[in-house]
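Please read all numbers here as calculations on a predicted model, not as lab measurements.
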Amino acid sequence: MLSFNRTGVSHTVFYLLGIPGLEDQHLWISIPFFISYVTALLGNSLLIFLILTRRSLHEPMFLFLCMLAGADLVLSTCTVPQALAIFWFRAGEISLDRCITQFFIIHCIFMSESGILLVMAFDRYVAICYPLRYTTILTHTLIGKIGVTIFLRSYCTVFPIIFLLKRLTFCRNNVLPHTGCEHIGLAKYACNDIRVNIWYGLFVIVSTLFLDILLIFVSYMLILRAVFHMPSQDARHKALSTCGSHVCIIILFYGPGILTTLAQRFGRHIPAHIHILLANVCVLAPPMLNPIIYGIKTKQIQEQVAHLFLKQK
């Protein structure tokens, strides 16, 4: 409930409103949330199952895709059930510790997914520029080390924010106009100076997401240079087609986030519920569409899905 200390009253329980201004539409809004969650759950679980059980899919590209699918499952499960509970049962009460835990997991997953997309770009670079050495460069041991490094980078980058939030006294308000918890959205209700939180949050974005985007861009510039030096048009087309799925999920992952940031920075006259809906697109769209994109564009996955269901019949 409420805890008292020398600096005043500090809230330890908060109330998530969902999407303020659209409370009477929460039941209808919950439908796409529920459909996207079920689709993400089924699609990513199927993808993980196929990659882990089919030896032909134990290539580096598919192992990185398995990591991405696992991250998508965690991201969806940490966000959508909470939103559905608010929409269906108005169960928006959340403790400060649980709020910080949710924020920590979500941000760790976002950083991890960004890192996975970066190594997937490196994977495509090696596959196109050094095809004969592809499996000798990206060995299973190296892939495992890359996975651990991605997780540790995310964990170590986000972990200090827990202490930055724990030091604050939340005395202004305990009603959060959102479907989930986020760093600055929570910190702005503190009575303390939150400039350290703001600057560290900016450092995290620049040192991870912006850096990842830059390195992905460099990787694709090198890929394009290699492709345009190929002798035949068929070879160029085949090389570029292997990058199609990855480019789609890069746009799907970073696109909504960039739009949300621009809307918050320049769209001061945009209604609050539009900002919150855009923020939810960031956690709804990628987990739902990533397995569909790879299922449509990747022949090996199509064959394994067909084999799985036809065999059962």
Show the numbers, then the answer: is there a side-chain hydrogen bond (donor to acceptor under 3.5 Å, both in side chains) between Ser56 and Gln304? CA-CA 9 Å; Ser56 61; Gln304 293 300 331; 3.1 Å; yes

Does the side chain to side chain contact (heavy atoms under 4.5 Å, CB included) test come out yes or no for Leu186 and Cys99, once each step is laid out? CA-CA 9 Å; Leu186 182 61; Cys99 193; 4.2 Å; yes

Apply side chain to side chain contact (heavy atoms under 4.5 Å, CB included) to Ile216 and Ile250, showing your working. CA-CA 9 Å; Ile216 289 171; Ile250 286 173; 3.7 Å; yes

Determine whether Arg133 and Val126 satisfy the following criterion, side chain to side chain contact (heavy atoms under 4.5 Å, CB included), listing intermediate values before the conclusion. CA-CA 8 Å; Arg133 298 171 54 198; Val126 175; over 6 Å; no

Could you walk me through whether Phe151 and Val148 pass the side chain to side chain contact (heavy atoms under 4.5 Å, CB included) check? CA-CA 5 Å; Phe151 172 76; Val148 172; 5.8 Å; no

Hey, mind stepping through Ser154 and Ser112 against side-chain hydrogen bond (donor to acceptor under 3.5 Å, both in side chains) and telling me if it holds? CA-CA 6 Å; Ser154 304; Ser112 296; 3.0 Å; yes

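Taking the six-membered ring for Trp and the full ring otherwise, the centers of Phe170 and Phe14 sit less than 6.0 Å from each other. The six-membered or imidazole ring of Phe110 lies near that of Phe253, with a centre-to-centre distance under 6.0 Å.
Considering every non-hydrogen atom in both Cys282 and Thr260, the closest pair reads SG-OG1, 3.7 Å. Of all non-hydrogen atoms in Pro177 and Ile276, the two that sit nearest each other are O-CD1, 2.7 Å. In terms of heavy atoms, Leu278 sits closest to Ala263 at CD1-CB, 3.9 Å. Here the closest non-hydrogen pair linking Pro291 and Pro286 is CD-O, 4.4 Å. The two residues Ala71 and Ile109 come nearest to each other via the heavy atoms O-CG2, 3.4 Å. When all heavy atoms are compared, the tightest approach of Thr179 to Ile19 is CG2-CG1, 4.1 Å.
The backbone N or O of Thr79 lies less than 3.5 Å from no partner atom in the side chain of Gln102, so there is not a single donor-acceptor pair. Listed for the Thr298 side chain is no donor-acceptor partner under 3.5 Å among the backbone atoms of Gly295. Not a single donor-acceptor pair under 3.5 Å links the side chain of Asn197 to the backbone N or O of Ala187. No donor-acceptor pair under 3.5 Å is formed between the side chain of His183 and the backbone N or O of Phe103. Under a 3.5 Å cut-off, the side chain of Arg236 and the backbone N or O of Phe228 do not form any donor-acceptor pair. Under a 3.5 Å cut-off, the side chain of Asp123 and the backbone N or O of Val119 do not form any donor-acceptor pair. A donor-acceptor pair is defined here as one N or O able to donate and one able to accept, closer than 3.5 Å; no such pair exists between the side chain of His107 and the backbone of Glu182. With hydrogens and angles ignored, the 3.5 Å screen pairs no side-chain donor or acceptor of Glu59 with any backbone N or O of Leu57. A donor-acceptor pair under 3.5 Å is formed between the side chain of Asn192 and the backbone N or O of Thr169. Looking only at distances, no side-chain donor or acceptor of Ser114 sits under 3.5 Å from a matching main-chain atom of Met111.
Remark: Phe104 CZ to Cys181 SG distance equals 14.5 Å, nearest 0.5 Å. Ile143 contributes atom CD1, which lies 4.5 Å from atom CZ of Phe64 (distance to the nearest 0.5 angstrom). Here Thr101 contributes atom OG1 and Arg98 contributes atom CZ; the two are 9.5 Å apart, rounded to the nearest 0.5 Å. The line from CE of Met120 to OG of Ser245 is 8.5 Å long, rounded to the nearest 0.5 Å. Remark: Ile100 CD1 to Ile162 CD1 distance equals 7.5 Å, nearest 0.5 Å. Here the OG1 atom belonging to Thr12 is positioned 7.0 Å from the CG atom belonging to Leu96, to the nearest 0.5 angstrom.
Asp212 and Tyr254 form no side-chain donor-acceptor contact under 3.5 Å, judged by distance and modelled atom types alone.
With Leu41 as the partner, the side-chain contact (heavy atoms from CB on, under 4.5 Å) test is satisfied by one option alone out of Leu73, Asp72, Val80: Leu73. Of the options Trp28, Trp88, Phe87, a ring pair (Phe, Tyr, Trp, His ring centres under 6.0 Å) to Phe33 is made by Phe87 and by none of the others.
Val281 and Ile293 are assigned to two separate hydrophobic clusters, defined by single-linkage of ILVMFWY side chains at heavy-atom distances under 4.5 Å. Side-chain heavy atoms closer than 4.5 Å link hydrophobic residues (I, L, V, M, F, W, Y) into clusters, and following such links, possibly through other members, connects Leu117 to Leu142. Note: the hydrophobic cluster containing Ile251 also contains Ile292 (ILVMFWY, side chain heavy atoms under 4.5 Å, direct or indirect links). Ile35 and Leu22 fall into different hydrophobic clusters, where Ile, Leu, Val, Met, Phe, Trp and Tyr side chains are chained together by heavy-atom contacts under 4.5 Å. At a threshold of 4.5 Å between side-chain heavy atoms, the hydrophobic network of Ile, Leu, Val, Met, Phe, Trp and Tyr places Leu50 and Phe309 in one connected group.
Annotation: side chain of Leu17 is not in contact with side chain of Leu176 (no heavy-atom distance under 4.5 Å). Put simply, the side chain of Glu93 does not reach to within 4.5 Å of the side chain of Leu16, judged on heavy atoms. At a threshold of 4.5 Å between non-hydrogen side-chain atoms, the residues Leu215 and Leu211 count as touching. Between Tyr130 and Tyr125 there is a side-chain heavy-atom pair separated by less than 4.5 Å. Counting only heavy atoms from C-beta outward, the side chains of Met61 and Arg124 approach each other to under 4.5 Å. You'll find the side chain of Ile128 reaches within 4.5 Å of the side chain of Cys243, heavy atoms only.
For residues 200-221, every residue pair satisfying the ring-ring contact (aromatic ring centres under 6.0 Å, His included) rule, not counting sequence neighbours, is listed here: Tyr200-Phe203, Tyr220-His246.
The environment of His237 atom NE2 is sparse: at most 12 non-hydrogen atoms of other residues, nucleotides or ligands sit within 6.0 angstrom. Residue Phe34 qualifies as open at atom CZ: its count of foreign heavy atoms under 6.0 Å is 12 or below.
Between Asp193 and Arg167 there is no salt bridge, since no side-chain N of the basic residue sits under 4.0 Å from a carboxylate O of the acidic one.
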